[in-house]
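For ligands, and for the atoms within them, numbers begin at 1 and follow the listed sequence. Predicted, not measured: the structure shown is a model, and the values here were computed from it.
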Amino acid sequence: MEDSRSDLTRRKFIGASLGCLVSAGLVGVSPTKVLAEEKPESSAGEIVYRTLGRTGIKLPVVSMGAGAANDPGIVQASYKLGVRHFDTAANYQFGRNEQMVGNAIARLGVRDQVIYGTKVMTPAQRRDVTPEQVKKRLFQSIEGCLRRLKTDYLDIVYIHDVRDAAPIKDQAMMDGLAELKKQGKILHTGVSTHANMAEVINETVSGGFYDVVLTSFNFTMADDTAMMGAVKNAGAKGIGIVAMKTQAGGANFPEPQTRTEFSNSVINRAALKWVARNKNVATSIPGFSNYEHMNEDFSVASNLEYTDEERKFLSDNNIRLSIGFCRQCRQCLASCEHGTDIPNLMRTHMYAAQYADFYLARTTLNEIRSDQSLVNCVSCSDCSAICANRVDIARRIEELKLMYA
Ligand code: SF4
């Protein structure tokens with residue numbers, strides 16, 4: 001099921017695309033809706049903390065997505081600034097990212113003051129395996145995380161990159177995680193998702209096993225009623241929501257025609273505040289790998305009020321739609337007769353072109369099944385105009401070919 005192509009036929013595709021347009025909020029949308037949210041906590045310059053659902057963990061509303069960082073100094077400076085939650089993954093930088101975070105925190109001697117979130121069992125590792133192999137791989141992965149992070153327990157372990165209900169219902173995975181919890185090697189479990197997020201969040205809530213969802217969530221989704229509803233429902237049911245992709249790829253917009261009068265700082269802060277003001281989101285993990293972005297992002301933790309410029313940016317519907325953020329809805333899959341995995345190629349493109357994180361881009365590309373990979377694309381451009389989010393799919397795939405084919 002997972003990773004399989006949508007069962008939409010090309011005939012059904014037109015209808016599905018219209019549905020996508022509506023659910024994506026691109027038909028008859030009020031531009032002011034993006035700012036129509038409840039008032040955030042007043043901070044008076046103090047860091048705003050929230051509780052991560054039923055885990056009971058209290059965290060600043062801004063944490064560190066460490067995946068793109070390779071300087072332990074940034075991790076240590078973040079801790080000194082007030083960051084208490086560091087997000088990484090077993091496969092980020094082929095394990096070196098966990099090592100870097102573990103070394104940085106070990107040198108400070110503050111392991112007991114911080115929360116580690118890490119991710120294991122990627123889609124490729126979950127593919128075509130027996131229940132026995134699932135448990136074996138899970139146990140091996142956790143031993144690797146513990147070793148690299150220099151710790152004897154992991155606070156939150158996510159199943160990495162969940163795109164549908166199947167991994168959430170995988171009994172062998174739950175049995176393995178429960179055993180690891182009993183052994184004290186992990187404290188809380190979760191799923192991470194950047195595709196079909198509303199469905200994954202709702203399945204996690206109804207399944208009842210996992211405590212946390214790490215989800216893609218940003219202002220381009222303000223009108224996506226399914227997503228907004230899923231986040232609200234999770235918050236109400238005690239599932240901790242951690243937000244990633246908070247800045248929709250950042251101010252380095254992927255569409256060259258998108259020009260903006262707003263500074264990078266306004267764009268980044270406005271986007272992060274939009275996420276952090278949602279009280280169903282316990283914390284967010286903007287990825288920063290330099291000191292300027294660290295200070296900029298963490299400043300939001302103690303000031304959730306929008307400036308006039310930030311409000312102006314967020315309420316500009318034209319910019320919001322021109323960004324062409326791929327929200328991994330997978331509606332485009334049916335447009336390609338050659339089986340190309342468009343959503344994951346769009347994610348690869350974002351990591352390379354916007355994040356300039358070539359490790360992550362390469363890892364994402366490697367995760368794509370060989371029968372759905374870049375070489376399958378014959379450059380027919382049939383997919384060009386089908387995305388409700390105005391993602392220029394064909395151009396981005398051609399750019400990927402220049403880089404990777
Ligand atoms: S390119 Fe992304 S946002 Fe557009 S239809 Fe495909 S998965 Fe959805």
Asks: Report, in ascending order of atom number, the atoms of ligand 1 lying under 4.0 Å from any heavy atom of Cys326.
Replies: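 Atoms satisfying the 4.0 Å criterion: 1 (S), 2 (Fe), 3 (S), 7 (S).
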Asks: Using a strict cut-off of 4.0 Å, indicate which atoms of ligand 1 neighbour a heavy atom of Arg327.
Replies: 3 (S)
Asks: Under 3.5 Å, which donor-acceptor pairs link side chains of residues 53-61 to any protein atom two or more places apart or in another chain?
Replies:
residue	atom	partner	partner atom	Å
Arg54	NE	Asp211	OD1	3.1
Arg54	NH2	Gly208	O	3.3
Arg54	NH2	Tyr210	O	2.7
Arg54	NH2	Asp211	OD1	3.4
Thr55	OG1	Leu52	O	2.6
Thr55	OG1	Ile57	N	3.1
Lys58	NZ	Thr51	OG1	3.3

Asks: Hey, is Glu98 close enough to Arg147 for a salt bridge, meaning N to O under 4.0 Å?
Replies: no
Asks: Output yes when Lys182 and Glu179 qualify as a salt bridge under the 4.0 Å nitrogen-oxygen rule, no when they do not.
Replies: no
Asks: Within the stated cut-off of 2.8 Å, is an N/O/S atom of Cys332 closer than that to atom 8 (Fe) of ligand 1?
Replies: no
Asks: Relative to the heavy atoms of Asn389, which atoms of ligand 1 are at a distance of less than 4.0 Å?
Replies: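 Numbered from 1, ligand 1 contributes 3 (S).
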Asks: With the threshold set at 4.0 Å, does a side-chain nitrogen-carboxylate oxygen contact exist between Arg347 and Asp161?
Replies: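 A salt bridge links Arg347 with Asp161.
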Asks: List for me each residue that meets ring-ring contact (aromatic ring centres under 6.0 Å, His included) alongside Tyr351, sequence neighbours excluded, and say none if there are none.
Replies: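 For Tyr351 the ring-ring contact (aromatic ring centres under 6.0 Å, His included) partners, ignoring immediate neighbours, are Tyr355.
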Asks: In terms of side-chain geometry, is the basic nitrogen of Arg395 or Glu399 positioned less than 4.0 Å from the acidic oxygen of its partner?
Replies: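 Looking at Arg395 and Glu399, the cut-off is met.
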Asks: Using a strict 4.0 Å cut-off to heavy atoms of Arg330, name the atoms of ligand 1 that fall inside it.
Replies: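 Matching atoms, with element in brackets: 7 (S), 8 (Fe).
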Asks: Check whether any N, O or S atom of Cys387 sits under 2.8 Å from atom 6 (Fe) of ligand 1.
Replies: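 So Cys387 does not bind atom 6 (Fe) of ligand 1 by this criterion.
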Asks: By number and element, which atoms of ligand 1 are closer than 4.0 Å to a non-hydrogen atom of Cys329?
Replies: 3 (S), 5 (S), 7 (S), 8 (Fe)
